[in-house]
Structure formats: structure tokens, C-alpha cells
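Structure, as C-alpha cells:
Indexing begins at 1, ligand by ligand and atom by atom, following the structure's order. Quick note: numbers below take in every heavy atom, side chains included, and nothing from hydrogens, waters or symmetry partners.
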Amino acid sequence: MSERRPRLGIDIGGSGIKGAPVDPDTGAFLAERVRYATPAHSTPRAVAEVVGEIAGHFPEAAGGPVGITFPGVVQNGVVRTAANVDRSWVDTDAATLFSRLLERPVRMLNDADAAALAEAHHGAARTTSGVVLLTTLGTGIGTALVVDGRLIPNTEFGHLEIDGHDAETRASSGARNRDGLSYRAWATERLQRYYRMMEDLLWPDLIVVGGGVSRKASEFLPYLELRTPIVPAQLRNTAGIIGAVLAVG
Ligand code: BGC
């Protein structure tokens, strides 16, 4: 383990809120992560209660800075969009809210951005230079761009309008479940169009596919015909927590 104190990473998602202490140098979890369901009415107050509970599980990380992800745009600690959580988050100064609650410095960032930092440092993109596009396929679609190891924050390409639709309402894993599509149909009818558009617009060197469904990548990635290499994320459901801690610095 490194000399530096463990840091707490917390990943706020549309369905679950997860946290664990992480060694900032290696990205290794120092205790088993805890997970709570996201409150049905996911207001700042309700989510803060869960975040406080999670922090209470890990006294070893007390006092140290905390990294927290959020499933929306976050600028300078302030939430700017909330597509899949309660709308009252918009314009909430989440960094100040959580910092007061936890009595320590807090760094907030978008969930896909955190996952991309983690994959770029310790996962599927660690040996790739150039432009890496990470997408998370979950309730929505999160995207992140890393260029030569540097994150360009708050890209929202999950909301690109394709064929008159907000892309995530057709191509997310949530949309696959909602519409009862097989992995093959989802890949050929929805993902192919989405990823082709992304590669035509961004020309990335590598596409990394994250989100819970990435553990089933062998069921849908082989159907995609793209010029860009496309690989599953490696850190799976730990990427958000690890990336949150990396963002703390
Ligand atoms: C949000 C993104 C977020 C993604 C995954 C989208 O609806 O706009 O900010 O990264 O969902 O949670």
C-alpha cells in the first residue's frame, strides 16, 4: 500500500450509490465496497443521507478528501443537468453540500468522466495514446473523452439527436430492457447506428464500453461493424469509485 492515506470514492448512479476506500496510487480497493439503492425520490437531501451512511462505513478514510461522481454535468462542483435523477439537483452546489455533510474536501465529477479516468489509468485504455472515447451503457448513455491521458470533461454525447431521438432513449441498456430487445437486435438496430455516428464525428483511436451491461460484451460487441477498435471496460462496476478518487488528485 502507498504512503498516502486511503481516499473515499463514492459513485452516485440512477439505481445505486456505491462507495469504498481506495489506494490513490494503485487504484486498489482497501475494503469491500458498500452499495445502497438510490432513493426512489432522488433529491439532494435523500441522496446526501445515503452518502453520509456510506462514509460512516469507512472510518479509515475519515478526514481525507472524497471524490464523488454524479450522473449529470458537473461544473466546478455545481450540478448542471439531471437526466436520470431528480430535477431538483440542477444548479445544486453538490461539492459544498457534501463537503459540509462529510466535513472534508469533496471533488465532484460526472460519472462517465470518472469511469474514463479509471480506465485510462488502470483499465482498458491504459496503453492507448491519442483519443479514447468511453461510453457507459446504463439507464442513460454517459460519454467521456480522454486525449493523451487528459480528460475533456462533461461531453454529453449520449444526448446526441439521432434520427429525431435523444440517442440514449434508443441505444442505452435501459432502452434495450424497455423494448425487450435481444443483445443481437440491440447491437444491430441501435448500437451500430450510435457508434458509427460517434466514430464519424470524433474519430477516436479506441472506444471503451462500460456500464453494468459491459460484462455481457461478448453478446453484443461482435455484431458491431466499426473502423475503430471497441473493447469492454475492464474495471466494471468499480470504475466510478476509482475514477472519483483519481479526480481528487
Ligand atoms: C447524463 C450524463 C451521464 C449519463 C450516465 C446521461 O443521461 O446526461 O451526464 O453521464 O446519463 O449516467
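- Note: W89 and F70 meet the aromatic proximity criterion, with ring centroids under 6.0 Å apart.
- Distances between N or O atoms of T136 and those of ligand 1 include no value under 3.5 Å.
- Against a heavy-atom cut-off of under 4.0 Å, N110 is close to the following atoms of ligand 1: 2 (C), 3 (C), 9 (O), 10 (O).
- Looking at R33, its side chain never comes within 3.5 Å of a backbone N or O of I10 through a donor-acceptor pair.
- Heavy-atom proximity to H159, at under 4.0 Å, picks out these atoms of ligand 1: 1 (C), 6 (C), 7 (O), 8 (O).
- The G142 neighbourhood of ligand 1 comprises atoms 4 (C), 5 (C), 10 (O), with distances under 4.0 Å to a heavy atom of that residue.
- Of all atoms in ligand 1, numbered sequentially from 1 with element shown, those under 4.0 Å from a heavy atom of N84 are 7 (O), 11 (O).
- Ligand 1 is approached by G72 to a heavy-atom distance shorter than 4.0 Å.
- Of the protein's heavy atoms, E156 OE2, 2.6 Å lies nearest to atom 9 (O) of ligand 1.
- Nearest non-hydrogen protein atom to atom 6 (C) of ligand 1 is E168 OE1, 3.3 Å.
- Of all the atoms in ligand 1, the ones that sit under 4.0 Å from a non-hydrogen atom of A83 are 7 (O).
- A donor-acceptor pair is defined here as one N or O able to donate and one able to accept, closer than 3.5 Å; such a pair exists between the side chain of H121 and the backbone of L117.
- Ring geometry for F220 versus Y183: interplanar angle under 30°, hence parallel rather than tilted (30 to 60°).
- Heavy-atom proximity to I141, at under 4.0 Å, picks out these atoms of ligand 1: 4 (C), 6 (C), 11 (O).
- Residue T143 places no N or O, backbone or side chain, under 3.5 Å from any N or O of ligand 1.
- Judged by distance alone, with hydrogens and angles left aside, the side-chain atoms of S172 form a donor-acceptor pair with the main-chain N or O of E168 at under 3.5 Å.
- The shortest heavy-atom contact between V245 and R7 is CG2-O, 3.6 Å.
- Donor-acceptor pairing under 3.5 Å is recorded for the side chains of T69 and D11.
- Taking only non-hydrogen atoms, the option from N154, V74, D111 nearest to atom 12 (O) of ligand 1 is D111.
- Although no hydrogens or angles enter the test, the distance criterion places a donor-acceptor pair under 3.5 Å between the side chain of T155 and the main chain of T143.
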